[in-house]
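Within every chain, numbering begins at 1; the chains are lettered A, B, ... in the order of the sequence lines, protein sequences first and strands thereafter.
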Protein chains: 2
Amino acid sequence: MSTPVVLTKSPADLSLIATQFKALGDSTRLELIMSVAASATSEACVCDLTPNTGLTQGTVSHHLRILVEAGLLKRSQRGKWSYYSLTGAAHGILTSLNIAIPLHLSKPANC
Amino acid sequence: MSTPVVLTKSPADLSLIATQFKALGDSTRLELIMSVAASATSEACVCDLTPNTGLTQGTVSHHLRILVEAGLLKRSQRGKWSYYSLTGAAHGILTSLNIAIPLHLSKPANC
DNA sequence: ATCTTACATTGACAATCATCAATTTGAGTA
DNA sequence: TACTCAAATTGATGATTGTCAATGTAAGAT
């Protein structure tokens with residue numbers, strides 16, 4: 001027997017959420033986003049991310065594009081490099097689900 | 001510039017999480033799980049869920065199975081009917097992301 | 001025992017997807 | 001200008017997926 005709930009999202013919201021879940025529902029992409037999140041500078045370039053995956057550079061680029069299009073990563077190009085970092089949405093999802101914990105945050109115990 | 005984070009999940013955890021994200025990353029399945037969550041008794045049978053989807057009964061049954069296998073729904077058969085309800089994991093995901101709000105819960109404002 | 005009713009399963013098919021190899025783009029460098 | 005390097009894009013291919021129609025199963029009803 002589970003707790004009754006109220007739903008809070010419009011169909012448009014749900015469509016976006018489904019897109020984000022779908023983007024995260026692939027082991028490679030989940031690893032990629034975790035690597036970005038865990039990187040010291042909170043951003044990473046394709047050349048950093050590619051070796052860990054065992055995949056081709058083109059494939060990694062492809063997955064990163066999907067994450068960007070889902071609103072989970074943002075891309076900033078500096079010189080020849082593309083740096084990827086988490087969006088607020090991605091940050092929210094990872095921390096809400098306790099997949100990642102913000103370093104500076106300490107919540108009161110009754111939350 | 002985003003907040004630095006610490007990762008908390010083992011590879012095995014991440015594999016499960018990816019499976020759950022994947023299961024939720026389909027509009028039909030997301031609607032299904034929302035319908036179950038929103039139902040008055042916190043459970044629903046296939047015959048209740050099918051009409052809203054515009055899909056075949058067999059297809060709905062298929063999607064429900066995927067959600068069960070991902071650990072998001074549980075099935076309990078009573079008589080001729082199969083009743084589906086949220087697991088704790090699904091409940092946690094939906095409420096953590098504010099997709100659903102537990103009726104009895106009221107958090108202090110500073111959380 | 002036969003017939004419904006509710007659901008699960010199977011087989012088939014079109015569409016989507018993950019991946020690679022190869023090429024292109026675009027920015028800095030010699 | 002020509003060259004190099006990082007990343008994006010393209011085209012092809014095999015695998016996975018969402019869907020349906022049809023069939024199977026199992027529980028109650030007649």
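Atom CG of B/D26 and atom P of C/dT16 are 13 Å apart (whole Å). Residue A/Q77 contributes atom CD, which lies 7 Å from atom P of C/dA27 at whole-angstrom precision. When rounded to the nearest whole Å, the span between CZ of B/R75 and C1' of C/dA8 equals 8 Å. We find that NE2 of A/H62 is positioned 8 Å from C1' of C/dT19, with the value rounded to whole Å. Taking atom CH2 on B/W81 and atom C1' on C/dA8, their separation rounds to 16 Å, with Å as the unit. For the pair A/R65 CZ and C/dT19 P, the computed distance is 14 Å after rounding to whole Å. Summarising the geometry, the separation between NZ on B/K22 and C1' on C/dA18 is reported as 10 Å, rounded to the nearest angstrom.
Residue A/R78 is classed as having no contact, given no heavy-atom separation below 4.0 Å to the nucleic acid. Among the atoms of the strands shown, base atoms are found under 4.0 Å from some heavy atom of A/S61. Residue-level contact check: A/H63 touches the backbone only, with heavy atoms under 4.0 Å from sugar-phosphate atoms and none from bases. A/G79 comes within 4.0 angstrom of sugar-phosphate atoms only, judged by non-hydrogen atoms across all strands, and of no base. At the heavy-atom level, A/T59 lies under 4.0 Å from base atoms of the strands shown.
Between A/Y84 and A/V46, some side-chain heavy-atom pair lies under the 4.5 Å cut-off. Counting heavy atoms from C-beta outward, A/L103 and B/T3 have side chains that stay 4.5 Å or more apart. B/L64 places a side-chain heavy atom less than 4.5 Å from the side chain of B/L49. Residues A/L14 and B/M34 have side chains in contact (heavy-atom distance under 4.5 Å, counting atoms from C-beta outward). You'll find the side chain of A/L73 reaches within 4.5 Å of the side chain of A/L86, heavy atoms only. When side chains are defined from C-beta on, A/I93 counts as touching A/L72, because their heavy atoms get closer than 4.5 Å. Two residues are said to be in side-chain contact when any heavy atoms from C-beta on lie closer than 4.5 Å; A/V5 and B/L94 fail this criterion.
For B/Y84 and C/dA8, the shortest distance from a side-chain N or O to OP1 or OP2 is below 4.0 Å. The side chain of A/K80 contributes no N or O atom lying less than 4.0 Å from OP1 or OP2 of C/dT25.
The side chain of B/Q57 approaches C/dA8 more closely than any other nucleotide in the set C/dA6, C/dA18, C/dA8.
Of all nucleotides in DNA chain D, those with any atom nearer than 4.0 Å to a heavy atom of chain B start and finish, going 5' to 3', at D/dT17 to D/dG28.
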